[in-house]
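The structure appears right after this line, and notes come after that.
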Amino acid sequence: MLTITLKPGKEKSLLRRHPWIFSTAIAHIDGKPEEKHKPGATAVVQAADGRFLARAAHSPASHIRARVWTFRESEAVDHALIKRRIQQALAWRVHSIADTDAVRLIFGEADGFPGLVVDSYGGKNGWLVCQFQSAGVEAWKVPIVQALIAETGCANVYERSDASVREREGLPLVTGVLAGAEPPDEILITENGVRYAVDVRRGHKTGFYIDQRDNRRLVMEHAAGRTVLNCFCYTGGFSLAALKGGATHVISIDSSGEALQTGQRNMALNGFNDAQAEWRDADVFKALRSLREQGQHFDLIVLDPPKFAATPQQVERAARAYKDINLLGLQLLRPGGLLFTYSCSGAISAELFQKIIAGAATDAGVDTRILRRLSAGSDHPMTTHFPEGEYLKGLLLQR
Ligand code: SAH
């Protein structure tokens, strides 16, 4: 048996049920040498006085040296735990998610699987796309995949474990078929009545930004008769939603030519009029400035940038970038217009994000009010003890 003993006082975060054990908190690790070096081996974590704290997956190469499977001494880490947790995760999605066949089935810590993401595209006849981002779930990959197939009835499982976080766990970047058939170049999904093509092999993350589903719906509900500017559009998620909702014209900007091509493909899939949409391959920071110089204005603007702050050290620089685009966005907004603005940086809190936006409004010299606070959909749960999980936050502002 592997035992991780913490330094005195370092049990506090675990007693608060934070699920990570950092290498700096550990006094010593005891067990057979082969166990100690096996990534993902289950360890008992104990306080300096020997008190049981948790069972956790040991990750010998990572700064996050162990991730908690359970805080209950009576709960074993075994096939039954995997099955139980998958069943529980699926039951919630069935209950809470409608109008789509692109759903996040498992979202890491909040679903009891630290470092695991499983997205479902196209239901039973489609594909499950998984990211194994920590040594613990990597070690249990085979039983996890078997249980996913048994519980969902979907036989096709594809792996997209090519996120750089794997490297910090000492795991190689891998992609490929885990079960069933190779995915096609495009899987067609329908979200809120809009069809999208998803390339699960080459697209960002697992292929689609499932987390913005509710926000795309909100844009749809507010788009009628409006001109729209969608910045960082990727494959046009918000653009298509706006057109479906009756937007008169949409300009979509992204620096990925491939994503823009899929955006245009999505136009065709929905039979939308090409004359209503313009796809621009450009840097948003520059494009917003030139739109301002041209004196252009819009009724509805979406700013959904990539993660500007990947670590707490990058927060300051990221804050300047968020402020910059939001200042420009507010200036491009017609009075009465709506700005949907987001940050997906876990290191930027909702509170800080609001402060940044307030600063942007001050410097832009405009009045704004917050109509709504926005977040990811309910298939992206967060644990109350793990604020890092609350990565996506947004505001709906009116000028
Ligand atoms: N709103 C999208 C997801 C956006 S992801 C949706 O709902 O599907 C962020 C996007 O920003 C990516 O497509 C990436 O290619 C693009 N991007 C990153 N930096 C950029 C920049 N400086 N200018 C333009 N696009 C950028």
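Hydrogens, waters and symmetry mates play no part in the numbers below; they use all other heavy atoms, side chains included. Note that the structure is a prediction, hence the values are computed from the model and not measured. We count ligands from 1, going down the list as the structure has it; atoms in each ligand are counted the same way.
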Table of N or O contacts for ligand 1, cutoff 3.5 Å:
{"residue": "ligand 1", "atom": "1 (N)", "partner": "F232", "partner atom": "O", "Å": "3.4"}
{"residue": "ligand 1", "atom": "1 (N)", "partner": "D304", "partner atom": "OD2", "Å": "2.6"}
{"residue": "ligand 1", "atom": "7 (O)", "partner": "R216", "partner atom": "NH1", "Å": "3.0"}
{"residue": "ligand 1", "atom": "13 (O)", "partner": "D254", "partner atom": "OD1", "Å": "3.3"}
{"residue": "ligand 1", "atom": "13 (O)", "partner": "D254", "partner atom": "OD2", "Å": "2.7"}
{"residue": "ligand 1", "atom": "15 (O)", "partner": "D254", "partner atom": "OD1", "Å": "2.7"}
{"residue": "ligand 1", "atom": "22 (N)", "partner": "D283", "partner atom": "OD1", "Å": "2.7"}
{"residue": "ligand 1", "atom": "23 (N)", "partner": "V284", "partner atom": "N", "Å": "2.9"}
{"residue": "ligand 1", "atom": "25 (N)", "partner": "S255", "partner atom": "N", "Å": "3.1"}
{"residue": "ligand 1", "atom": "25 (N)", "partner": "S255", "partner atom": "OG", "Å": "3.2"}

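- In the displayed structure, K83 atom NZ is contacted under 6.0 Å by at most 12 heavy atoms of other residues, nucleotides or ligands.
- The side chain to side chain contact (heavy atoms under 4.5 Å, CB included) test with I187 singles out one residue from V129, D199, D101, V200, and that residue is V200.
- Nearest heavy-atom pair across R55 and R72 is NE-O, 4.3 Å.
- Taking 4.0 Å as the cut-off between side-chain N and carboxylate O, R216 and E191 count as a salt-bridged pair.
- Geometrically, K393 does not engage F353 in a cation-pi contact, judged by NZ or CZ lying under 6.0 Å from the ring centre and within 45° of the ring axis.
- Residue pairs that meet the salt bridge (charged side-chain N to carboxylate O under 4.0 Å, His left out) test with at least one member in residues 321-347, sequence neighbours left out, are R289-D324, D299-R334, K323-D363.
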